[in-house]
Number of protein chains: 2
Amino acid sequence: MRPLRRSTVYDVAKEAGVAASTVSRAFTNPRRVSPATREHILGVAEQLGYRPNPLASALQSGRTATVALLVPDITNPHFFGTIRGAERRASTAGLTFILSHTEESGHNEQRQIERLERSVDGFVLAASRMSDETTVELAREHNLALVNRQIEGLPGASVDDGRGSWQIVEHLASLGHRSLAYLSGPKDSWLAGERWKALRAAAAGHGMRATRLGPFSPKMESGAAAADAALVDGATALVAHNDLLAIGILRRLAERGLDVPRDRSVVGYDDIFGADLCVPALTTLSGPHETAGRAAVELLLERVTRPGTPPRQVVLPPHLVVRDSTGPAPV
Amino acid sequence: MRPLRRSTVYDVAKEAGVAASTVSRAFTNPRRVSPATREHILGVAEQLGYRPNPLASALQSGRTATVALLVPDITNPHFFGTIRGAERRASTAGLTFILSHTEESGHNEQRQIERLERSVDGFVLAASRMSDETTVELAREHNLALVNRQIEGLPGASVDDGRGSWQIVEHLASLGHRSLAYLSGPKDSWLAGERWKALRAAAAGHGMRATRLGPFSPKMESGAAAADAALVDGATALVAHNDLLAIGILRRLAERGLDVPRDRSVVGYDDIFGADLCVPALTTLSGPHETAGRAAVELLLERVTRPGTPPRQVVLPPHLVVRDSTGPAPV
DNA sequence: CAACTTTTGGCAATCGCTTGCCATCATGAT
DNA sequence: ATCATGATGGCAAGCGATTGCCAAAAGTTG
């Protein structure tokens with residue numbers, strides 16, 4: 001590999017018989033040069049194989065044409081949709097897309113932001129673990145958009161899991177369940193908090209008993225512990241923090257000789273790939289997470305191109321996908 | 001958002017009573033300044049909240065501490081392992097990680113490389129769709145590492161699907177199958193080519209008949225067409241280009257009233273999440289794709305830190321995971 | 001103590017582009 | 001013909017680091 005010398009604005013300028021500034025403008029600010037010279041410059045640039053150096057450009061202008069997405073756990077299928085959506089949107093806007101894993105730690109998020117601050121135009125924070133205060137503080141100096149987290153005054157896109165949780169409870173109530181157990185996820189996850197609040201409220205509204213168990217790590221392996229805890233609790237309906245956990249629970253219940261949905265009903269969140277493959281196929285709350293990822297990048301863009309506009313919050317409706325893991329409450 | 005003015009080397013230099021060059025060296029080349037001044041500078045920098053601007057640094061030095069991963073299709077679970085592995089390795093090496101989707105097009109890969117060339121230290125190309133010639137050509141000017149593609153003289157990490165295909169055939173042969181159909185994937189995928197070559201050779205070695213059908217797009221939706229084609233062919237063993245396709249095939253066969261593994265055996269490649277959840281659970285070739293992703297970044301790093309060393313090729317062994325979708329050939 | 005080597009730090013050029021400001025020129029209005 | 005006006009292009013000063021080269025200081029050696 002021999003990184004050959006690329007031609008610069010100066011080479012193009014000399015060859016085209018204009019000043020470097022004019023070359024620059026021909027590329028970044030077309031209306032600032034006459035159509036004729038622009039054509040000419042572009043032609044010369046083309047034949048010289050000129051390509052603007054994004055670093056140099058960013059250094060001077062402060063605009064990097066890059067966004068970063070910070071996810072707590074790259075390994076968790078829950079985030080794939082968000083990653084996809086964000087990447088696709090960035091790509092169509094001609095933005096470079098940086099992906100970074102924060103290991104479920106707010107502190108890490110903060111460090112990444114500091115590390116990348118000069119290299120990006122903004123950050124999308126997915127399921128951020130940082131406190132409201134820290135986030136607001138950071139938002140003063142950085143361009144942030146949140147996914148699945150709502151903070152007053154900050155732009156964000158989230159799936160309305162509160163409303164979704166009501167749907168879950170209604171579904172379960174209609175099947176005659178009188179009690180549910182929520183197998184909770186990471187305790188500093190905002191989304192998890194929202195889910196539980198809504199579940200509890202909805203349960204109360206339907207005269208159902210609701211208990212929160214856990215927290216459990218949102219992985220299949222935690223399913224056993226979660227299932228066992230739920231059995232002790234005795235609730236007939238188990239609502240798991242996410243599909244991974246729900247699938248783990250399904251497995252454990254089968255091991256312990258219980259039939260789903262006859263003896264217990266199980267519901268998950270996310271509708272990940274695989275949720276309809278397992279047996280019984282999982283009833284789960286499907287959220288437009290890809291859309292959320294896309295929207296978040298969109299919001300970031302908005303703040304760059306039209307600063308001063310008030311931050312928007314996009315809330316997306318989820319829908320319950322009823323499959324085979326829920327059924328009438330046992331008598 | 002008010003991007004406050006960050007302090008620069010000059011601020012630190014003035015405050016510490018040294019030259020900017022010394023500050024720079026204190027950070028990037030510690031042994032070039034005396035321990036005492038270094039300590040002092042670091043202290044001042046700390047209290048001024050100084051953070052080096054990666055853009056400025058990259059512009060001058062040519063080193064960006066960034067790598068890019070180009071994948072044909074972000075949506076395909078096959079790549080999740082590679083993405084994870086590459087991201088994790090990059091992250092532990094302190095590198096910024098750029099993820100980019102090339103829409104299954106070699107031409108797009110090339111454009112991305114051109115766009116990002118100054119912004120990264122190297123590229124990992126996963127399942128590249130470019131021709132050998134183009135790739136070799138690009139490798140002259142860029143730092144490339146390939147995943148699941150082998151080109152003479154270029155560094156790369158790949159899963160040995162040739163060997164894996166032999167394992168598949170041996171497994172099928174041992175179950176008494178006398179014929180197999182390979183439901184092929186994208187036709188310009190190198191990996192797909194390797195698989196078929198090995199399958200055909202192995203089948204010949206075992207006196208089995210082998211046909212290649214397709215190409216099919218490697219998605220679940222294509223399963224129906226693939227299954228139907230295979231039924232026409234009559235082979236008792238169906239080997240699908242990947243698990244997605246295999247799962248689609250499973251569904252179609254069930255729809256058409258055929259029992260797997262009694263009437264037909266089905267095998268996939270990749271062992272994606274969900275392969276053990278579907279019914280029957282899928283027999284599939286599990287490859288260490290995460291390791292491959294990690295290794296590729298490793299190779300890139302090697303070329304940056306020790307230029308001149310001959311490019312290495314890492315070949316990783318896959319293993320066959322036998323589940324419930326394969327069984328004795330029907331009599 | 002002279003002569004020589006090694007450390008340490010500073011100077012200034014450089015990476016490649018952007019942009020505020022100014023000069024020029026063509027245009028239209030008067 | 002005169003002047004205000006806008007369009008166009010050039011000049012030059014950055015952006016914030018890195019690094020080759022040099023000089024002074026410090027350390028070695030006989």
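Order of the sequence lines fixes the chain letters, A, B, ..., with proteins taken first and strands second; residue numbering starts at 1 for each chain. Keep in mind that this is a model prediction, so the values were computed, not measured. As a basis for the values below, the full set of heavy atoms in this structure was taken, side chains included, without hydrogen atoms, waters or symmetry mates.
If you check every strand for non-hydrogen atoms under 4.0 Å, A:Val23 touches nothing. As judged by a 4.0 angstrom heavy-atom cut-off over every strand, B:Pro54 is placed among residues making no nucleic acid contact.
Of the candidate nucleotides D:dA17, C:dC17, D:dC15, C:dC17 has the atom lying nearest to any side-chain atom of A:Ser57.
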Name each donor-acceptor pair under 3.5 Å that joins a side chain in residues 93-100 of chain A to protein atoms two or more places apart or in another chain, with its distance.
residue  : atom : partner  : partner atom : Å
A:Thr96  : OG1  : B:Arg115 : NH2          : 2.7
A:Ser100 : OG   : A:Gln112 : OE1          : 3.4
A:Ser100 : OG   : A:Gln112 : NE2          : 3.2

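Under the side-chain contact (heavy atoms from CB on, under 4.5 Å) rule, A:Asp121 has a single partner from A:Leu301, A:Thr64, A:Thr66, which is A:Thr64.
Between A:Ser34 and the phosphate of D:dA7, there is no side-chain N or O to OP1/OP2 separation shorter than 4.0 Å. Look at A:Tyr50 and you'll find a side-chain N or O under 4.0 angstrom from OP1 or OP2 of C:dC17.
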Exercise. What's the verdict on side-chain hydrogen bond (donor to acceptor under 3.5 Å, both in side chains) for A:Ser128 and A:Glu109, showing C-alpha distance, side-chain angles and the deciding distance?
Worked result: CA-CA 8 Å; A:Ser128 172; A:Glu109 283 180 60; 2.8 Å; yes
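Atoms NZ (B:Lys14) and P (C:dC11) sit 13 Å apart, rounded to a whole Å. Atom CG of B:Asn29 is separated from atom C1' of D:dT18 by 10 Å (rounded to the nearest Å). Rounded to an integer number of Å, the gap from CG of B:Leu59 to C1' of D:dA17 is 8 Å.
Contact check for A:Phe79 versus A:Pro72: side-chain heavy atoms found under the 4.5 Å cut-off.
Rounded to 10°, the angle separating the first-five-pair axis and the last-five-pair axis of the helix from C:dC1-D:dG30 to C:dT30-D:dA1 equals 20°.
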Restricting to nitrogen or oxygen on both sides, can you table the protein-nucleotides 19-24 of chain C pairs closer than 3.5 Å?
residue : atom : partner : partner atom : Å
C:dT19  : OP1  : A:Arg63 : NH2          : 2.6
C:dG20  : O6   : A:Arg25 : NH1          : 3.4

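Of all non-hydrogen atoms in A:Ala126 and A:Leu69, the two that sit nearest each other are CB-CD1, 4.2 Å.
Using a cutoff of 4.0 Å between basic side-chain nitrogens and carboxylate oxygens, A:Glu290 and A:Arg89 are not scored as salt-bridged. A salt bridge is absent between B:Arg312 and B:Glu298: the closest approach of a Lys/Arg side-chain nitrogen to an acidic carboxylate oxygen does not fall below 4.0 angstrom. Between A:Glu141 and B:Arg6 there is a salt bridge, with a side-chain nitrogen of the basic residue lying less than 4.0 Å from a carboxylate oxygen of the acidic one.
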